[in-house]
Enquirer: 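Before I ask anything, let me first share the structure, which is written out below as structure tokens.
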Amino acid sequence: MSEVSVMDASVEVSKGAPNDINDRILELTELVISARSGTELVPLVDGLSLSLNRGETLCIAGESGSGKSMTSLAVMGLLPKPAVRITGGAINFDGRDLTQASERHMRHVRGNRIAMIFQEPMTSLNPVLTIGRQLIEAIQAHSSLGNREARQKAIEALNSVRIPQAEQRLKQHPHELSGGMRQRVMIAMALALEPDILIADEPTTALDVTVQGEVLELLRDLQKTHGTSIVLITHDMGVVAEMADRVVIMQKGRLVEQGDVADIFARPSHDYTKQLLAAVPRLGDGMRKAALQPTKVEEKEVLLEVDDLCVQFDIKGGFFGKTTHHVHAVNGVSFEIRDRETFSLVGESGCGKSTIAKALTGLVPSSGSVHLKQTTRDASGLVAATKHRDIQMIFQDPYASLDPRMRVGDLVSEPMLIHKIGTAEERKARTAELFERVGLHTNQMENYPHEFSGGQRQRICIARALALRPKLIIADESVAALDVSVQARVLALLKELQEEFGIAYLFISHDMAVVENISDRVAVMYMGQIVEMGSREQVFSNPQHPYTKKLIAAVPIPDPSQRRQEFSRLSDEIKSPVYKVGQLPHRVPLLSLGNGHFVSGDDFDSVSQHVAA
């Protein structure tokens with residue numbers, strides 16, 4: 001991508017700039033952020049100028065490595081010094097240059113005046129402290145509330161982000177919550193302090209569309225009630241269209257275009273902006289593409305059959321640590337996946353999607369049966385997950401799933417070494433072949449994971465999953481953290497590899513637009529159970545279950561002219577999957593609507609109406 005010239009950039013960034021300087025609460029002027037490389041300073045953000053008005057939502061978009069998050073860390077005074085530091089420009093907040101402020105002053109600003117929601121909640125929360133202690137500590141650090149009042153405010157904050165059983169959650173540690181739940185805790189912590197500016201760095205990446213909609217609604221309410229200014233960093237252009245007043249597009253550390261959200265979407269002027277918008281997945285694209293292709297009537301053989309899969313976790317309590325409750329994370333789930341098919345599981349965080357993936361790969365104990373090509377065994381018999389060659393997994397966080405001490409070439413060849421496949425030279429040749437196939441250079445095999453971007457690390461994980469030539473790959477939120485342009489390339493790569501190697505995918509995602517674009521069949525999960533299942537056309541064109549309809553209706557539309565005034569809510573509170581010992585969980589029967597379309601028959605009038613018709 002060619003860089004825009006300084007003269008061109010100055011012309012483009014003038015478009016949509018705030019007119020009244022008295023309304024500006026934050027202004028960045030020619031900001032330069034540099035990192036030390038040997039004896040030189042390399043600019044990561046180069047000459048960035050932008051401003052934020054009171055009560056305004058400014059969205060910053062761009063690919064990974066464009067400098068979005070680095071800019072937000074600079075505003076918060078959280079750059080990893082001395083390796084990275086501000087080497088030029090100014091950050092003016094409420095009449096004061098924060099680049100010259102003392103650490104004592106920044107401690108007052110952080111949280112109280114400017115709060116931040118970080119992208120990775122697990123690394124932002126202290127793993128040894130309970131959720132309650134961390135929330136109460138943050139509240140009391142910036143207020144004079146006592147323990148009881150701060151605790152009540154913490155409960156209210158958790159309720160505001162739709163976390164069920166908020167009082168009990170205060171006693172839990174971060175590892176006891178799902179990724180989506182942890183992100184909600186981070187959002188609650190930021191909202192509880194009612195800051196003047198809220199910087200949200202990919203705040204809805206780990207959330208399903210329904211909870212995402214409610215979180216965005218919360219941000220809007222906060223803005224209306226308190227006049228909060230919001231800086232929203234996101235790669236989801238649908239969220240940008242829903243939320244932004246103005247948009248800033250960054251590439252390679254430089255601002256290449258900014259303007260009113262309607263202008264940016266309707267009349268983008270920079271080539272990179274046009275590419276970003278063209279890469280956005282939209283509902284209906286998948287079926288439109290399928291309609292243009294020749295219809296192939298092909299009966300595919302069943303590759304994987306799952307019957308009555310159940311996963312439960314124990315909750316211990318009391319003085320003797322006796323099991324008092326069970327969490328029924330997966331409750332009697334049955335489905336099948338066919339050869340060269342993409343079967344998708346969708347649903348909100350905590351519904352059991354990832355738990356199913358872990359059960360199939362033997363990472364959690366389970367009951368039920370799994371039939372994989374001529375091999376039948378209890379689900380609990382899928383022990384030694386790393387030794388099951390036919391099922392491989394691509395995890396959501398590529399950086400966390402790659403050993404930072406190993407070279408990436410060794411990481412890709414390691415599965416072949418474990419299974420004693422080929423000689424050292426054959427494994428090296430196979431690794432090089434895989435690198436080229438996923439779009440990486442063979443000379444990068446000697447590098448370490450931290451030397452790659454997020455999209456490149458995910459390609460390394462795909463290469464590692466392909467090393468054993470599996471029949472089924474489980475992709476667990478494999479593109480959730482990627483910006484739209486990289487996401488589009490990774491999804492295209494997965495499709496190409498499926499056609500080339502005949503792989504089947506179990507695709508787990510909360511992004512309904514992505515699911516609609518890549519899937520053959522879809523199963524919708526809620527509270528550990530499947531409530532609707534059918535072909536892509538059946539589920540998206542003719543959804544029957546109320547929950548499926550809510551999921552589809554909640555998908556952000558990447559068009560500011562179709563912005564919703566409010567987001568619909570599923571219910572006042574999510575039901576709990578926790579049951580007392582001896583108490584049987586409620587199971588929902590699946591009712592066939594014909595032609596492979598199934599829907600739950602629990603408190604659902606439209607099923608009987610459909611059958612009667």
Side-chain angles (χ1 to χ4, degrees), residues 301 303-304 337 339-342 357-358 360-363 370-377 381-476 478-479 486 489-507:
E301 181 183 353
L303 171 66
L304 178 75
I337 301 176
D339 276 332
R340 303 183 305 283
E341 177 185 52
T342 300
K358 292 174 183 176
L360 294 181
T361 51
L363 296 177
V370 173
H371 180 197
L372 176 66
K373 282 278 192 185
Q374 309 303 321
T375 303
T376 304
R377 60 179 78 186
L382 282 176
V383 294
T386 57
K387 296 183 180 179
H388 202 296
R389 292 177 52 175
D390 290 331
I391 301 179
Q392 293 296 303
M393 193 162 176
I394 305 169
F395 294 92
Q396 177 176 357
D397 186 348
Y399 194 64
S401 59
L402 296 172
D403 190 332
R405 300 166 298 179
M406 293 179 64
R407 300 181 190 275
V408 293
D410 294 334
L411 287 167
V412 172
S413 64
E414 186 179 36
M416 294 182 281
L417 180 63
I418 291 172
H419 289 275
K420 299 180 173 62
I421 297 174
T423 63
E425 286 301 316
E426 289 171 339
R427 288 193 293 268
K428 186 175 181 179
R430 169 70 174 158
T431 302
E433 176 189 329
L434 289 170
F435 264 69
E436 291 178 346
R437 189 61 198 84
V438 299
L440 296 172
H441 297 293
T442 55
N443 57 10
Q444 294 176 294
M445 290 167 55
E446 297 299 311
N447 294 352
Y448 290 92
H450 72 270
E451 299 178 81
F452 295 87
S453 68
Q456 289 175 321
R457 284 196 287 263
Q458 197 61 288
R459 287 171 181 265
I460 293 167
C461 291
I462 293 171
R464 185 175 60 179
L466 290 170
L468 298 178
R469 295 185 174 90
K471 299 172 182 175
L472 173 68
I473 288 181
I474 301 173
D476 186 8
S478 57
V479 296
V486 178
R489 292 194 291 269
V490 171
L491 290 174
L493 173 63
L494 290 175
K495 200 68 179 174
E496 290 172 12
L497 294 172
Q498 183 176 51
E499 294 173 359
E500 182 176 342
F501 297 110
I503 303 167
Y505 291 124
L506 173 57
F507 192 82

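Quick note: residue numbers are just sequence positions, from 1.
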Enquirer: Identify the two heavy atoms, one from Ala465 and one from Ile473, that lie closest to each other, and give their separation to 0.1 Å.
Expert: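 So the two residues come closest at CB-CD1, 4.2 Å.
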
Enquirer: For side chain to side chain contact (heavy atoms under 4.5 Å, CB included), just list the numbers for Phe435 and Val408, CA-CA rounded to whole Å, side-chain angles, deciding distance to a tenth of an Å, and then say yes or no.
Expert: CA-CA 10 Å; Phe435 264 69; Val408 293; 3.7 Å; yes

Enquirer: Is any side-chain heavy atom of Leu440 closer than 4.5 Å to one of Gln456?
Expert: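 When only atoms from C-beta onward are counted, Leu440 and Gln456 do touch, with a gap below 4.5 Å.
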
Enquirer: Side chains of Phe507 and Ile394: closer than 4.5 Å at any heavy-atom pair?
Expert: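 Counting from C-beta outward, Phe507 and Ile394 never come under 4.5 Å.
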
Enquirer: Using every non-hydrogen atom in the two residues, find where Arg437 and Leu497 come nearest and quote the distance to one decimal.
Expert: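 That closest heavy-atom pairing would be CG-CD2, 3.7 Å.
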
Enquirer: Donor-acceptor pair, distance only, cut-off 3.5 Å: does the side chain of Glu426 make one with the backbone of Thr423?
Expert: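 Here the side-chain-to-backbone pair exists.
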
Enquirer: Would you list the atom pairs, donor with acceptor, under 3.5 Å between side chains in residues 444-452 and any protein atom, with sequence neighbours excluded?
Expert:
{"from": "Gln444", "atom 1": "OE1", "to": "His441", "atom 2": "N", "distance (Å)": "2.9"}
{"from": "Glu451", "atom 1": "OE2", "to": "Tyr448", "atom 2": "N", "distance (Å)": "2.8"}

Enquirer: Donor-acceptor check, side chain of Arg340 to backbone of Gly502, threshold 3.5 angstrom: yes or no?
Expert: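 Such a contact is absent between Arg340 side chain and Gly502 backbone.
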
Enquirer: Step by step, would you call Leu304 with His371 a side chain to side chain contact (heavy atoms under 4.5 Å, CB included)?
Expert: CA-CA 6 Å; Leu304 178 75; His371 180 197; over 6 Å; no

Enquirer: Could you state the interatomic distance from CG (Leu402) to CD1 (Ile460), rounded to the nearest 0.5 Å?
Expert: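 Spacing of CG (Leu402) from CD1 (Ile460) equals 6.0 Å.
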
Enquirer: When you check the side-chain N and O atoms of Thr342 and Gln498, is any donor under 3.5 Å from an acceptor?
Expert: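 Distance-only check passes for Thr342 and Gln498.
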
Enquirer: To the closest 0.5 Å, what do you measure between CG (Leu506) and CG (Leu303)?
Expert: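 Interatomic distance, Leu506 CG to Leu303 CG, rounded to 0.5 Å: 11.0 Å.
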
Enquirer: How far does CG of Leu493 sit from CD of Glu500, to the nearest 0.5 angstrom?
Expert: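 Going from CG on Leu493 over to CD on Glu500, the span is 9.5 Å.
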
Enquirer: Tell me the closest heavy-atom pair linking Leu494 and Ser478, and the distance in Å.
Expert: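 For Leu494 and Ser478, the tightest heavy-atom pair comes out as CD1-OG, 4.4 Å.
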
Enquirer: Which atom names give the shortest non-hydrogen contact between Gly409 and Thr431, and what distance separates them?
Expert: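 So the two residues come closest at O-CG2, 3.6 Å.
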
Enquirer: Could you work out, with side-chain contact (heavy atoms from CB on, under 4.5 Å) as the rule, every residue matching Ile421, not counting sequence neighbours?
Expert: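 Testing Ile421 for side-chain contact (heavy atoms from CB on, under 4.5 Å), a comparison that skips the adjacent residues, returns Arg389, Met416, His419, Leu468.
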
Enquirer: Roughly how far, to the nearest 0.5 Å, is the CD atom of Gln392 from the CZ atom of Arg464?
Expert: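 One finds 9.0 Å between CZ of Arg464 and CD of Gln392.
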
Enquirer: Hey, does Ile474 have a side-chain heavy atom less than 4.5 Å from the side chain of Ile391?
Expert: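 In short, these two side chains touch, coming nearer than 4.5 Å.
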
Enquirer: Do the side chain of Arg427 and the main chain of Gly422 share a donor and acceptor less than 3.5 angstrom apart?
Expert: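 Yes, the answer is positive, given that a donor and an acceptor are paired below the 3.5 Å cut-off.
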
Enquirer: Tell me, do Leu360 and Val370 make a side-chain contact under 4.5 Å, heavy atoms counted?
Expert: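 They are in contact (side-chain heavy atoms under 4.5 Å apart), so the answer is yes.
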
Enquirer: Please evaluate residues Ile462 and Val490 with respect to the criterion side chain to side chain contact (heavy atoms under 4.5 Å, CB included), reporting the C-alpha separation (whole Å), side-chain torsions for both, the decisive distance (0.1 Å), and the verdict.
Expert: CA-CA 9 Å; Ile462 293 171; Val490 171; 3.9 Å; yes

Enquirer: As an exercise, state the distance from CG of Leu411 to OG of Ser401, rounded to the nearest 0.5 Å.
Expert: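 Leu411 CG to Ser401 OG: 9.0 Å, rounded to 0.5 Å.
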
Enquirer: Can you name the nearest heavy-atom pair linking Met393 to Ala357, along with the distance?
Expert: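 Scanning both residues, the minimum pair turns out to be CE-CB, 3.6 Å.
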
Enquirer: Quick one: OG on Ser413 to CZ on Arg430, what's the gap to the nearest 0.5 Å?
Expert: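 If I round to the nearest 0.5 Å, the distance is 11.5 Å.
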
Enquirer: Does Glu425 have more than 12 heavy atoms from other residues, nucleotides or ligands lying within 6.0 Å of its CD?
Expert: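 No, not enclosed.
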
